[in-house]
Amino acid sequence: IICMPPPNVTARAHLGHASTYTPMDVLTRFHRMLGNNADWLPGVDHAAIATEAVLVRELRREGVRREDLGRERFVERAWDWSRTYGGAIEAQFRRLGFGPDWRRLRFTMDDRLSAAVRRVFVQLYREGLVYRGTRLINWDPTAKSTVSDAELDHVERDGTLWRIRYPFEGGGPAAGLEVATTRPETMLGDVAVAVHPADPRYSSLIGRRLRLPPLMERVIPIIADDAVDPEFGTGAVKVTPAHDPVDYEIGVRHALPMPSVIGFDARISDADVPVGPYAGLDRSEARARIIEDLRALDLLVAEDPHRHSVALSERSGDIVEPLLSLQWFVKAAPLAAPALEAYRSGRLRFVPERNGRTYEQWLENIRDWNVSRQIWWGHQLPVWYTPDGTEIVAESETEAYEIAQRTYGTRELTRDSDTLDTWFSSGLWPFSILGWPDETPELACWYPSQVLITAGEIIFLWVARMVMLGIHFMKEIPFHDVVITPLVFDAAGRKMSKSLGNVIDPIDLADRYGADAFRISILRQMRLDSQEMRYHESRCAEARNFNNKIWNATRYMLALPSGLPPAMTLPREGELTLADRWILTRYRETIERMGKLLRDYDFGSAAETMWRFVWYEFCDWYLEASKAEGNHDSRAAVLSYVWNGTMRLLHPIAPFITEEVWLALPHDGETIVTANWPDPLEVPAFASDARHFEALQRTVERVRNVRSELGLHPRDRVVVDAPADVPDEMTALLGLLAQAAIERAPASGRTVEEALAAVGVRAPRELLAERYRKEAEQLRSEIDRGERKLGNEAFVAKAAPAVVAKERQKLENYRGELARVETALAQLKETA
RNA sequence: GGGCGAUUAGCUCAGCUGGGAGAGCGCCUCCCUUACAAGGAGGAAGUCGCAGGUUCGAGCCCUGCAUCGCCCACCA
């Protein structure tokens, strides 16, 4: 069971989807063919912020604001939009051959999934794991909503570090404490200046008071706190608890007041403290004005360029404003502990392993999760307030009214207008899609799933939260293996982005090269341990050629005069040719290897394995060998047997062409989708015959090499002297594959390999002499290397005996070969 | 600032627990041979980032450095 990470309803298929979803499809198809009850459960995410942004943009074009429309109509419109465009990604996934269980498609906003969301929220609230409180949150002024820590991008920017003098209370402007800041506009909300307790420069000043510029209306203390780095700036830091995370912590530690001076509109606000003429100014205008005024007051000491990191909202790209706000939070630590334990105990496993450490680190330092969002599209908080502001958390309005009536004696309730963070509902995905909280059969059978495949960037946003909530509500981790796929970059190694114009559209590639070609291309470029992948479109064309090769090979087989017999019966062992035995052996090895690779999630190697087997072994060697004399009787059966199975091995990777070919071959069943995965134990293997065939391949290559040096036309035969102890079966293959005319020579070897090595090619004396000289030279250098190595007493004494023996064997072989080459060379001279 | 990863042929990448440097693409030569020119055959091409160390032996292990990348982080 694999739960599909729900793509955003706003999304269009991109390479990132392809690199994570193709492996899921491969695994599901593989396990289905193995006879497992494999299912891939699809779904779509309502993508609150993204969808809302799309709608707001649409409305703006119509000259309407969200507020003009009203919540109800806006949400209706979001539903319409989701229904109209939400299917697009499904159609695209189908186009790419993804075969999840489409009948089970779920949407995070479905009634049942929404009910699950309410149940979880209410239960967590009643357990004290959801609470409402005023905390420092990340405010996105563009989206006009909070965003979670995990949804921030920290970007290095060039800014300015201003040094400002805060005068001592009662003193003149010249005497004071200098602080350094990159955000002077927040100083209106300063409540203290902090120094490090052990900083000798300032220890005598602790407890003294400063007049707060530029208004000079408030007086603030100098305090000591460990969070201050004496090395940075002046070693004195202004403390603005309402607008900075560190300052907030300091404020909490010292019980300082926390006045807000920047509002939700990112403008200076006088709600809590006087802000003088700056009230209503935008944050950047306010900054400029305050700098100007400080300069006029002679309190601006220095202005230095400073590179620092700025927090941007992932969604809007706007600079996030830390603000104090009354919001809803999930208490994370109690949920994180069992999620950590699951990883440390090995029940939850990451592939590649290093991603586990990322997960671990985040959970160790987890902070409470702000889950309330000030947008309309999403799951509205199941929270109501009585007229005096008492909160009532209930699964339904009816229940809320009951509680209100019973407990507070009122029927007057207002519902909280906030919605939940999108990741709250996706955090329930592995069980909410199975019908939870109802005790459905699906839930009983399919939870937990086995593997989650996703991108590394959402380990925190999604993976960790699914584990936390899964353990909490289901008492069990939601999946055992987490496979993190590489990030896809363009061929030059750049991130794909619309602004760079380097985005590759998988649908476009599928249209031009075929969906199978696209799938193969992306799988082949995946590396198990790699965190990135550079996508080359040329791989698509190569894969298209690969498919074409399959197609043509199939045509050859279907056109055999004998026709193809049923796939499941092989000739008796005695009737198998050398080539048959070799390809069967290789086929069996390939089945074994594919099983292992797919179980290990090594999709790149799996694709590569099939590529090599199909093209470089089956087509290049076996098909060609099958045309040789003496190979005709058994070939149709072996071709039918091996090719049928090869299509099944390839099916998870390339579902379309394998179905088409498989149906054209003798087959058993209606569709390859439900055909059996080949069983390696049923395939006969012939290790020593396979080695002999491989020795023959080397001989063929050697003859071809000479042919090429002779500049022979492909149709011209080259004469070859084959020792009498080279079997007829082999000389027939040699004749065909190397386009050679065979002459028999006296027997010369003890083994087939040696006999093959003694196969001589007739060619002009100079050319042969040159070849022999080169070969001899090569052999002598190898012999020299071996002799030196074995002459090294330390090596013989200390190296593993097997290594030494192997070295001796090699040396002996080289000496034998050299002797043969030298003899041949001498004979050449004699006949001259 | 911390953590992680990468650096091998022009390009993209393999090289399993240390024991004779590999593949594909590209390039060069020949070939429209009766499955396939979206193809076949052959070939050239690498001081394995740099410097030390461990070892009989290092692309692989250790240390340092350089370059590139990813993630995390509260240097105002």
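Convention: sequence-line order gives letters A, B, ...; per-chain numbering from 1. Remember, it's a predicted structure, so these values are computed and weren't measured experimentally. Worth knowing before you read on, the calculation uses all heavy atoms, side chains too, and leaves out hydrogens, waters and symmetry mates.
Distances shorter than 4.0 Å separate some side-chain N or O of A:His306 from OP1 or OP2 on B:A76. The shortest distance between the side-chain N/O atoms of A:Lys627 and the OP1/OP2 oxygens of B:A35 is below 4.0 Å. Listed pair A:Lys549 / B:G40 meets the phosphate criterion, a side-chain N or O lying under 4.0 Å from OP1 or OP2. Listed pair A:Arg534 / B:U12 meets the phosphate criterion, a side-chain N or O lying under 4.0 Å from OP1 or OP2. For B:G43, one of the phosphate oxygens OP1 or OP2 lies less than 4.0 angstrom from a side-chain nitrogen or oxygen of A:Asn705.
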According to the Watson-Crick and G-U wobble definition with distances under 3.5 Å, which dot-bracket string, read 5' to 3', encodes RNA chain B, using [ ] for crossing pairs and | for pairs with another strand? (((((((..((((.....[..)))).(((((.......))))).....(((((..]....))))))))))))....
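Separation of atoms CG (A:Leu733) and CG (A:Asn631) is listed at 5.0 Å; rounding is to 0.5 Å.
Aromatic rings from A:Trp621 and A:Tyr616 are positioned such that their centres are separated by 6.0 Å or more. A centroid separation of less than 6.0 Å is found between the aromatic rings of A:Phe350 and A:Tyr359.
Within 6.0 Å of NZ in A:Lys596 there are 12 or fewer heavy atoms belonging to other residues, nucleotides or ligands.
Both A:Thr358 and A:Asn552 lie near RNA chain B, and the one whose nearest nucleotide falls closer to the 5' end is A:Asn552.
Rounded to an integer number of Å, the gap from A:Leu639 CG to B:A35 P is 13 Å.
At a cut-off of 3.5 angstrom, counting only N and O atoms as typed in the model, there is no donor on one side facing an acceptor on the other between the side-chain of A:Arg704 and the base of B:A41. At a cut-off of 3.5 angstrom, the base of B:A35 holds at least one donor-acceptor pair with the side chain of A:Glu624.
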